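First up is the structure itself, then whatever we jot down about it.
Because only heavy atoms are used, hydrogens play no part in the values below, and waters and symmetry mates are left out as well, while side chains stay in. Everything numeric in this text was worked out from a predicted model, so none of it was measured.
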Amino acid sequence: MPIFQKAVFQTTVARLQDLPGDSQAEIAFAGRSNSGKSSAINALANHTRLAFVSRTPGRTQHLNYFRIAAGKYLVDLPGYGYAKAPEEIRSQWEGLLAPYLRHREALCGLVLIMDSRHPLTELDLQMLGWFAPTGKPIHVLLSKADKLTRQQQDLAARDVATVLATIGGHCTWQFFSSLRRLGIVQAETVLGGWVGISPQEAAASPASSPGTGSLRKKRAAIGWSARSAIKAGQQQKKNPRQRGEPGAGHALRR
């Protein structure tokens, strides 16, 4: 059974004083608008609409908590990269996110979702530089990997591995596709280790099931505007197969 399959929505937090007091371990998910962040959470939870995927960028302005076990949560952060978000809203996000990411004791690590066709944008690099000084682990999901050709995968792998190597030993990465459900087991292995949940424990833990269903390709729509992005090459619709381990600089093989 997938480790996060029993995830259920817990609460939405707009102020630091409202953060859950019972939390022992949290995994935060961050990413640029339309990077596939909400879809990645849904894929890991094997749920079609656990994390809301909106067609209106900028709607998610708070921290959304999903309980995966007693005192353990996935936290969906406001997406960044949406230019039309009013300045007061962006200021509110920054006032909430900065202290949460840097000072939240229960936070175990950060999952940073990057569109594999447009990795390492200015704001992705800013987020990496912002969180890395905490010393907590960072795991990068290069989403929508099924859209890349083999050559594009190799280029993305090289660029991301080079940048993460400059940050230190707490950074790992992998290719991921919510649509094709590629990389889910690898991500579960990494993230389950952060919060101390094994597949056996997940299967035995009683909780209400959020339901299952086929995952559809949708556009995540949250956050501020990315001011610079790397142009992607041609899209490839064939379904690649994944190989390698997280952080090993691997590519998907046809």
Side-chain angles (χ1 to χ4, degrees), residues 3 27-44 77 79-81 109-132 135-194 215 217 219-220 226-254:
I3 292 176
I27 299 173
F29 284 73
R32 184 175 59 84
S33 294
N34 298 325
S35 66
K37 176 167 61 69
S38 295
S39 294
I41 294 174
N42 288 336
L44 289 169
L77 305 183
Y80 51 82
L110 176 71
V111 179
L112 182 58
I113 292 88
M114 300 182 194
D115 187 329
S116 59
R117 301 167 299 176
H118 312 277
L120 304 171
T121 66
E122 178 185 348
L123 292 177
D124 290 332
L125 295 173
Q126 179 179 319
M127 177 63 74
L128 286 169
W130 201 12
F131 187 77
K136 296 177 180 180
I138 300 170
H139 189 58
V140 174
L141 296 184
L142 294 174
S143 66
K144 306 180 184 181
D146 56 295
K147 299 299 182 182
L148 296 182
T149 65
R150 178 61 181 273
Q151 182 179 12
Q152 290 167 348
Q153 293 164 16
D154 291 341
L155 289 173
R158 182 190 64 191
D159 292 344
V160 171
T162 298
V163 170
L164 294 185
T166 66
I167 296 176
H170 294 288
C171 297
T172 53
W173 66 272
Q174 67 170 90
F175 284 111
F176 191 87
S177 171
S178 301
L179 180 65
R180 303 298 182 186
R181 301 188 63 79
L182 299 172
I184 290 179
V185 174
Q186 290 178 317
E188 286 181 332
T189 300
V190 174
L191 306 186
W194 289 0
L215 290 174
K217 180 185 177 184
R219 294 173 55 194
R227 293 181 291 261
S228 63
I230 300 175
K231 292 184 179 179
Q234 292 183 335
Q235 296 182 355
Q236 178 72 18
K237 294 185 178 180
K238 294 182 180 180
N239 179 18
R241 296 179 182 175
Q242 194 170 18
R243 59 172 179 150
E245 297 299 327
H250 57 276
L252 295 178
R253 184 172 56 187
R254 299 188 182 287

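- To the nearest 0.5 Å, atoms CG (Leu44) and CG (Leu141) are separated by 7.0 Å.
- A heavy-atom distance below 4.5 Å is found between the side chains of Ile184 and Phe176.
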Before giving the answer on side-chain contact (heavy atoms from CB on, under 4.5 Å), spell out for Leu142 and Leu148 the whole-Å C-alpha distance, their side-chain angles and the decisive distance to 0.1 Å. CA-CA 11 Å; Leu142 294 174; Leu148 296 182; over 6 Å; no

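- The closest side-chain heavy-atom distance from Leu164 to Leu128 is below 4.5 Å.
- A donor-acceptor pair under 3.5 Å links the side-chain atoms of Ser178 to the main chain of Ser39, judged by distance alone.
- Atoms OG and CD1, on Ser38 and Ile113 in that order, are 9.0 Å from each other to the nearest 0.5 Å.
- Taking each heavy atom of Asp159 and Leu120 in turn, the nearest pair found is O-CD1, 3.7 Å.
- Two residues are said to be in side-chain contact when any heavy atoms from C-beta on lie closer than 4.5 Å; His139 and Trp194 meet this criterion.
- Looking only at distances, a side-chain donor or acceptor of Lys37 sits under 3.5 Å from a matching main-chain atom of Leu77.
- The shortest heavy-atom contact between His118 and Asp124 is O-OD2, 4.3 Å.
- If you take OH on Tyr80 and OG1 on Thr121, they are separated by 5.5 Å, rounding to the nearest 0.5 Å.
- Contact of the Trp173 side chain with the Ile138 side chain is not registered, since no non-hydrogen atoms from C-beta on lie closer than 4.5 Å.
- Atom-to-atom distance recorded for Ser116:OG and Lys147:NZ is 10.5 Å, nearest 0.5 angstrom.
- Counting only distance, with no hydrogens or angles, the side chain of Ser35 and the backbone of Arg32 share a donor-acceptor pair below 3.5 Å.
- Between Phe29 and Leu191 the shortest side-chain heavy-atom distance falls below 4.5 Å.
- Residues Asp154 and Arg158 are not paired through a salt bridge, judged by the lack of any N-O separation under 4.0 Å between the basic side chain and the carboxylate.
- Lys136 has its side chain out of reach of Leu110: every pair of non-hydrogen atoms, C-beta onward, lies at least 4.5 Å apart.
- Under a 3.5 Å cut-off, the side chain of Ser177 and the backbone N or O of Leu182 do not form any donor-acceptor pair.
- Heavy-atom minimum distance, Leu112 versus Met127: CD1-CG, 4.0 Å.
- Gln186 places no side-chain N or O within 3.5 Å of a backbone atom of Gln174 that could act as its donor or acceptor partner.
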